[in-house]
Amino acid sequence: MSAEHALLEVRNLRKSYPTRTALGTRGGEVHAVNGISFDLREGECYGLVGESGCGKTTTGRLLQGMLAPSGGTIAYRGTPLSSLSRAALRAYRSDVQMIFQDPYSALNPRKRVGRILEESLKIQGATPGRELRSSVIASLEAVGLSEEHFDRYPHEFSGGQRQRIGIARALIVSPRIILCDEPVSALDVSIQAQILNLLRRLQRELGLTYLFISHDLSVVRYIADRVGVMHRGELVEEGTTEEIFARPRHPYTKSLLAAVPARHPAERKRRPTQHDRLEETA
Ligand SMILES: Nc1ncnc2c1ncn2[C@@H]1O[C@H](COP(=O)(O)OP(=O)(O)OP(=O)(O)O)[C@@H](O)[C@H]1O
Ligand SMILES: [Mg+2]
């Protein structure tokens, strides 16, 4: 990668969807993403915040390369996705993995966890055998699970454990970028802290780059290095996490900040408890 290019450069990105009238005929268009530009820099965690329907998930899916933009460009290490060959686009999609809010709906309920993880690697051309199994076990261990979970089904896990499986499935293909779409929004606050700490540790150890989508500002404040604020399909403000929380400039950012407790409980200093010791091993 040449030094002057960010890992991902998003420029004037647009996505609109056709809307339908009550009679089912084609109506107008909804501009879900309406001309946003930002850089995702190697090794950073970029928080994308904004209220429901402002276009966060659509942005994530565009960056994943699974949804075609209506306009604008996404460049990976300086090369626009639109100019990648089919094989290069496939490699890009494996470099960029997603983690979702509801890991359970993303896991096949009839498959054992070990098989689900093996399948991700097989898509990349891995062949069944002892090596495949040890890669799966390594990825389970990386997220705080173990070999004993290999033969269990998704319903046998708690919400936090399922999110760990979702993270393992993203990690197993050795991605560079992880697009996290509300990964802790469905979890209890104490479990949120464990998953956020796990994501931070993995980022540090593996040199990952995150786009972290959340409507929860306290979560973003805890994990993000920089923050982009989305409002009705547009990026209205961007800055370091410190800047955004200390000196918000846009009225919309100010109103968002006024509406929420700014610190995540994971940031509170407490005397160490059993729970904290669990977090440390997360
Ligand atoms: N497949 C689709 N077809 C039509 N409209 C869509 C589609 N996906 C999203 N939209 C619309 O685009 C806009 C942005 O949706 P998006 O899911 O990106 O928002 P979001 O910020 O992720 O919201 P949330 O916080 O609720 O997840 C919304 O108005 C939504 O209704
Ligand atoms: Mg969403």
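Order of listing sets the numbers, starting from 1, for every ligand and every atom in it. Hydrogens, waters and symmetry mates play no part in the numbers below; they use all other heavy atoms, side chains included.
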* Asked: Do any nitrogen or oxygen atoms of Pro18 lie less than 3.5 angstrom from nitrogen or oxygen atoms of ligand 1?
  -> no
* Positive for side chain to side chain contact (heavy atoms under 4.5 Å, CB included) with Val229, one of Val220, Leu235, Leu256, Leu48 -> Leu256
* To do: Give a yes or no on whether a salt bridge exists between Glu119 and Arg169, defined as a side-chain N under 4.0 angstrom from a carboxylate O.
  => no
* To do: Name the closest protein heavy atom to atom 1 (N) of ligand 1, giving the residue it belongs to and the distance to 0.1 Å.
  => Tyr17 CE2, 3.6 Å
* State whether any protein heavy atom lies less than 4.0 Å from atom 31 (O) of ligand 1. => no
* To do: Identify whether the distance between the nearest side-chain nitrogen and carboxylate oxygen of Asp95 and Arg90 falls below 4.0 Å.
  => no
* Nearest-neighbour protein heavy atom for atom 25 (O) of ligand 1, which is reported as residue plus atom name and distance -> Lys56 NZ, 2.8 Å
* If you measure from CD on Glu234 to CD1 on Ile36, what distance do you get to the nearest 0.5 Å? -> 10.0 Å
* Asked: Can you tell me if Gln101 has an N, O or S atom under 2.8 Å away from the Mg ion (ligand 2)?
  -> no
* Structure fact -> atom 12 (O) of ligand 1: closest protein heavy atom, distance to 0.1 Å, is Ala32 CB, 3.2 Å
* Among Arg249, Arg226, Arg247, the one residue meeting salt bridge (Lys or Arg N to Asp or Glu O under 4.0 Å) with Glu237 -> Arg249
* Would you mind checking which non-hydrogen protein atom is closest to atom 23 (O) of ligand 1, with the distance to 0.1 Å? => Gly53 N, 2.8 Å
* To do: Flag Cys54 as yes when one of its N or O atoms lies below 3.5 Å from any N or O atom of ligand 1, and as no otherwise.
  => yes
* Asked: Looking at ligand 1, does any of its N/O atoms fall within less than 3.5 Å of an N/O of Gly55?
  -> yes
* To do: Among all protein heavy atoms, pick out the one at the shortest distance from atom 26 (O) of ligand 1; state its residue, atom name and that distance to 0.1 Å.
  => Ser52 OG, 2.5 Å
* Asked: Do NZ/NE/NH1/NH2 and the carboxylate oxygens of Glu118 and Arg115 come within less than 4.0 Å?
  -> yes
* Heavy atom of the protein closest to atom 18 (O) of ligand 1 (residue, atom name, distance) -> Thr58 OG1, 2.6 Å
* Asked: So, for atom 7 (C) of ligand 1, does the protein have a heavy atom nearer than 4.0 Å?
  -> yes
* Asked: Does one side chain, of Asp225 or Tyr210, offer a donor that lies under 3.5 Å from an acceptor on the other?
  -> no
* Asked: Tell me, which protein residue and heavy-atom name are nearest atom 27 (O) of ligand 1, and how many Å apart are they?
  -> Thr57 OG1, 3.9 Å
* Structure fact -> CD1 (Ile244) and CG (Leu217) are apart, to the nearest 0.5 Å, by 10.0 Å
